[in-house]
Structure formats: C-alpha cells, structure tokens
Undergrad: 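This structure is in structure tokens; I'll ask about it shortly.
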Amino acid sequence: MNLNWGNLLTLGNLVNVLDILVVWFVIYELIVMLRGTKAIQLFRGVILILVVKVISSYFGLNTVSWLMDQVINWGVIAVIIIFQPEIRRGLEHLGRGSLFVRMRHENEAANRMIAGLDKAIQYMSKRRIGALMTIQQDTGLEDYIETGIKLDAELTGELLINIFIPNTPLHDGAVIIRNNRIAVAAAYLPLSESNLIPKELGTRHRAAVGISEVTDALTIVISEETGEVSITKNNELLRGLTQEDYLKFLKHELVNEEAATNHNILETALDWVDQRLHRGRR
C-alpha cells in the first residue's frame, strides 16, 4: 500500500500534531512540578476519578457515571478554592514585570545565594564542620520540608555556619533552600541504598545521593572527617571539589546565562538609543 505523504502532510494535520504535542508537554511539566508535593496525591485522585468515569460509561453504570459527573463538576471549584494561594502567587508572578526583568532579578538573587553558600562552605570546610544543604529545583520538596524546623530566612553565610556548628539544636539534618531562602533546617532526607557509594562516606553523603535519586535537587555536602566538598544532582556524586569547581557548577545550574546575555544585549541597545537621543537634543 502506497502512502500519499502529500495528503498526510497538510497544514491541518500539522496543526493537530502540534496541538497534541503542546498538551502532552503541559501535562508533563505539570507532573514534574507537582512531583514531591502533596498536590501529586490530588492529581492521582483526579486521574482515578476520570478512569472510573470512563469505565462506568463503558459498562453502562449510570448511577456511578452520574456521581462521577457531579464530582468532576464540583471538583473544579474545589481545586480552585484549595489551591487559591498557589494560583494567586502564580498569576502575580506572571504579571510582575517583563520576562527579562524577572529573570534578571532571579539571577541577582541566585548570585547572592551562591555568595552566601561560598562563604559558609569555605568556613566549614577549613574547620571540618559537617554540613548538608539541599537546593530545590523544579521538583517540589514539600514532603521533606515538613520534616524540618521552619525558618523561612534570608540565606547568609553567617546563618548557615551557625546552623551547622556542632552540638547546636539545628546542626543534625539538612538545610533545605527554596526560592533562594532557607526554608527549614534539621530536615530528614531519604538515604540511598546504592552499593556504588564508597564505604568511607557517611550518612550525610547517603542522604545527598538519596535525595538526588528521587528529585532533581542539588545538594552540597561537607565532610566532617576531611572537610571535602561534594555535590550531588541527578543521582551523580561529585567529590573533592575545589572552590573554583563548585562555584562554576553552582553558577551553571542556578544562574540563567541566557537571561544574563539577553539582558546585556538589551542594556546595550537601550544605551545606544539613549546616546542617539542625547545627540539629537544637542
């Protein structure tokens, strides 16, 4: 059988394919965003209700189908009420300035956070103070944040150092950083069962690898035995990092270089326009 590619590759078919790809991309991003949070349980519940609805309609279970219709109809309103704060914050974020301006502010905050981390890492590494610091990325860490002691504090090197000073109430466990702020301290992270982790590494390193196995979080570990600095991300353990190594890695992962480049181009263009305007006034 010969396929007529001319009939298949029509504008209408291409639009339909694009439509499907966009929907799947949105669903995928939604799942990634909700993974690791309590909202994923609600998402699973919605999927279950839809499955029950389809099955009941197929087998002619009219009463069950009617009940599922009511749940779906009223469920939309319930979701809006339950997640009203999150929806509001999301809309405010979308409406807050231009894209380049928002990304520039985010980069500035990320650079301040990296500076604070660097100060703490240098101090604790030289004095062999053990530390475990996890930075939330796209995957939510709500389940682990709930195990810690809430701080919601601005990240500074001094505060991180004080948290991990031995024999203090908060030193045992992980600091979790979210939105460039210290969300909690003394949090518990899942321990990895991997046999690939060297035997000489302790609980902190196993916790760092463990959280990297189930989320996309970036975790910094300082060994209290050697002062060695390590980073885990995406189930990968990077050991023996120098200051130059970890700063380069943190900037690559946390700072949007494209936004910085675009901002520089935009600034150059605005300066050029400003100079032209001044010349015209003369």
Side-chain angles (χ1 to χ4, degrees), residues 109-137 139 141 143-192 194 197-254:
N111 282 318
R112 287 195 299 269
M113 178 181 68
I114 292 172
L117 288 168
D118 180 37
K119 186 173 186 178
I121 292 170
Q122 286 298 302
Y123 183 95
M124 293 187 287
S125 177
K126 291 176 182 177
R127 292 161 180 80
R128 297 186 180 182
I129 298 173
L132 181 62
M133 299 169 282
T134 295
I135 304 172
Q136 177 177 302
Q137 302 279 64
T139 306
L141 300 177
D143 289 345
Y144 309 106
I145 288 174
E146 289 181 354
T147 67
I149 298 173
K150 184 178 180 181
L151 294 181
D152 189 23
E154 180 182 352
L155 189 152
T156 64
E158 292 80 4
L159 180 54
L160 287 172
I161 292 167
N162 280 327
I163 288 173
F164 289 108
I165 292 295
N167 302 320
T168 56
L170 299 179
H171 88 284
D172 190 21
V175 159
I176 297 181
I177 300 165
R178 179 175 60 183
N179 297 329
N180 303 312
R181 294 175 63 83
I182 299 177
V184 295
Y188 292 97
L189 303 181
L191 298 181
S192 174
S194 174
I197 301 175
K199 299 296 182 183
E200 69 269 16
L201 300 183
T203 304
R204 284 193 180 93
H205 290 82
R206 287 200 169 271
V209 175
I211 194 67
S212 75
E213 291 173 345
V214 295
T215 73
D216 63 349
L218 186 157
T219 303
I220 303 167
V221 190
I222 301 175
S223 170
E224 62 183 13
E225 285 80 18
T226 63
E228 180 185 77
V229 179
S230 304
I231 289 180
T232 64
K233 183 171 171 55
N234 296 331
N235 199 17
E236 184 178 6
L237 174 63
L238 306 175
R239 297 183 59 189
L241 301 178
T242 65
Q243 183 182 26
E244 182 181 357
D245 292 335
Y246 69 71
L247 284 178
K248 183 178 180 180
F249 187 88
L250 290 175
K251 288 179 180 178
H252 178 268
E253 294 293 330
L254 303 176

Undergrad: Nearest 0.5 Å, please: how far is CD in Gln137 from OG1 in Thr215?
TA: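 Between Thr215 OG1 and Gln137 CD, I get 8.5 Å after rounding to 0.5 Å.
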Undergrad: Evaluate the side chain to side chain contact (heavy atoms under 4.5 Å, CB included) criterion for residues Leu117 and Ile135: first the C-alpha distance (whole Å), next the side-chain angles of each, then the deciding distance (0.1 Å), finally the verdict.
TA: CA-CA 11 Å; Leu117 288 168; Ile135 304 172; 3.8 Å; yes
Undergrad: Compile the donor-acceptor pairs under 3.5 Å between side chains in residues 167-176 and protein atoms, sequence neighbours left out, one pair per line.
TA:
from	atom 1	to	atom 2	distance (Å)
Thr168	OG1	Ile163	O	3.3
Thr168	OG1	Ile165	O	2.6
His171	ND1	Thr168	O	2.9

Undergrad: Can any side-chain N or O of Arg128 pair as donor or acceptor with the backbone N or O of Glu225 at less than 3.5 Å?
TA: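 Yes; judged by distance alone, with no hydrogens or angles, the pair exists.
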Undergrad: Nearest 0.5 Å, please: how far is CZ in Phe249 from CD1 in Ile114?
TA: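 If we round to the nearest 0.5 Å, Ile114:CD1 and Phe249:CZ are 11.0 Å apart.
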Undergrad: With sequence neighbours left out, what residues match Glu236 under side chain to side chain donor-acceptor pair (under 3.5 Å)?
TA: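 In terms of side chain to side chain donor-acceptor pair (under 3.5 Å), with neighbours along the sequence ignored, Glu236 is linked to no residue.
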Undergrad: Mind listing the closest non-hydrogen atom pair of Thr139 and Gln136 along with its distance?
TA: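 The pair with the smallest heavy-atom distance is O-CG, 3.4 Å.
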Undergrad: Quick check: are there more than 12 heavy atoms from other residues, nucleotides or ligands sitting under 6.0 Å from CD of Gln243?
TA: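 Enclosed: over 12 neighbouring heavy atoms sit under 6.0 Å from CD of Gln243.
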Undergrad: Show me the side-chain donor-acceptor pairs of residues 177-190 shorter than 3.5 Å, one per line, residues at least two apart or across chains.
TA:
from	atom 1	to	atom 2	distance (Å)
Arg178	NH1	Glu142	OE2	2.3
Arg181	NE	Asp152	OD1	3.2
Arg181	NH2	Asp152	O	2.7

Undergrad: Go through it in stages, so that I can follow the logic: the residues are Glu253 and Ile231, the test is side chain to side chain contact (heavy atoms under 4.5 Å, CB included), and I'd like the CA-CA distance, side-chain angles, deciding distance and then a yes or no.
TA: CA-CA 12 Å; Glu253 294 293 330; Ile231 289 180; over 6 Å; no
Undergrad: So, does Thr147 use its side chain to make a donor-acceptor pair with the main chain of Tyr144 at under 3.5 Å?
TA: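 Yes; judged by distance alone, with no hydrogens or angles, the pair exists.
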Undergrad: On a heavy-atom basis, which atom in Ile222 and which in Met133 lie closest, and how many Å separate them?
TA: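 Closest pair (atom of Ile222, atom of Met133, distance): CD1-CE, 4.4 Å.
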Undergrad: Could you name each residue pair satisfying salt bridge (Lys or Arg N to Asp or Glu O under 4.0 Å) that touches residues 201-214, not counting sequence neighbours?
TA: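 Sorted result for residues 201-214: Arg204-Glu224.
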Undergrad: What's the separation between atom CG in Leu218 and atom CD1 in Ile211, rounded to the nearest 0.5 Å?
TA: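 Leu218 CG to Ile211 CD1: 11.5 Å, rounded to 0.5 Å.
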Undergrad: I'd like to check the salt bridge (Lys or Arg N to Asp or Glu O under 4.0 Å) partners of Glu244; sequence neighbours left out, ordered by chain and number.
TA: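 In terms of salt bridge (Lys or Arg N to Asp or Glu O under 4.0 Å), with neighbours along the sequence ignored, Glu244 is linked to no residue.
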Undergrad: In Å, rounded to the nearest 0.5 Å, how long is the span from CG of Leu237 to OG of Ser192?
TA: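 Reported value, rounded in 0.5 Å steps: 10.0 Å.
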Undergrad: Could you name each residue pair satisfying salt bridge (Lys or Arg N to Asp or Glu O under 4.0 Å) that touches residues 110-119, not counting sequence neighbours?
TA: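 Checked against salt bridge (Lys or Arg N to Asp or Glu O under 4.0 Å) - neighbours excluded - the pairs reaching residues 110-119 are Lys119-Glu158.
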Undergrad: Kindly say whether Asn235 contributes a backbone atom to a donor-acceptor pair with the side chain of Ser212 at under 3.5 angstrom?
TA: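 It does hold such a pair.
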Undergrad: For residues Ile129 and Pro166, report the shortest heavy-atom separation together with the two atoms involved.
TA: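 Ile129 and Pro166 have their closest heavy atoms at CG2-CD, 4.2 Å.
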Undergrad: Of the non-hydrogen atoms in Ala217 and Leu141, which two are nearest, and what is the gap between them?
TA: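 Closest approach of Ala217 to Leu141: CB-CD1, 4.2 Å.
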Undergrad: With side chains defined as the heavy atoms from C-beta onward, is the minimum distance between Ser223 and His205 less than 4.5 Å?
TA: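 Of all side-chain heavy-atom pairs linking His205 with Ser223, at least one is under 4.5 Å.
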Undergrad: Without swapping roles, check the side chain of Lys233 against the backbone of Asp216 for a donor-acceptor pair under 3.5 Å.
TA: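 Such a contact is found between Lys233 side chain and Asp216 backbone.
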Undergrad: How close do Leu254 and Met113 get, counting heavy atoms only, and between which atoms?
TA: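 Nearest heavy atoms, Leu254 then Met113: CD1-CE, 3.5 Å.
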Undergrad: Does Ala208 offer a backbone N or O that forms a donor-acceptor pair with the side chain of Thr232 under 3.5 Å?
TA: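 It does hold such a pair.
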Undergrad: Could you report the tightest heavy-atom contact between Ser125 and Gly227, atom names first, then the distance?
TA: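 Scanning both residues completely, I find the closest heavy atoms to be OG-O, 2.6 Å.
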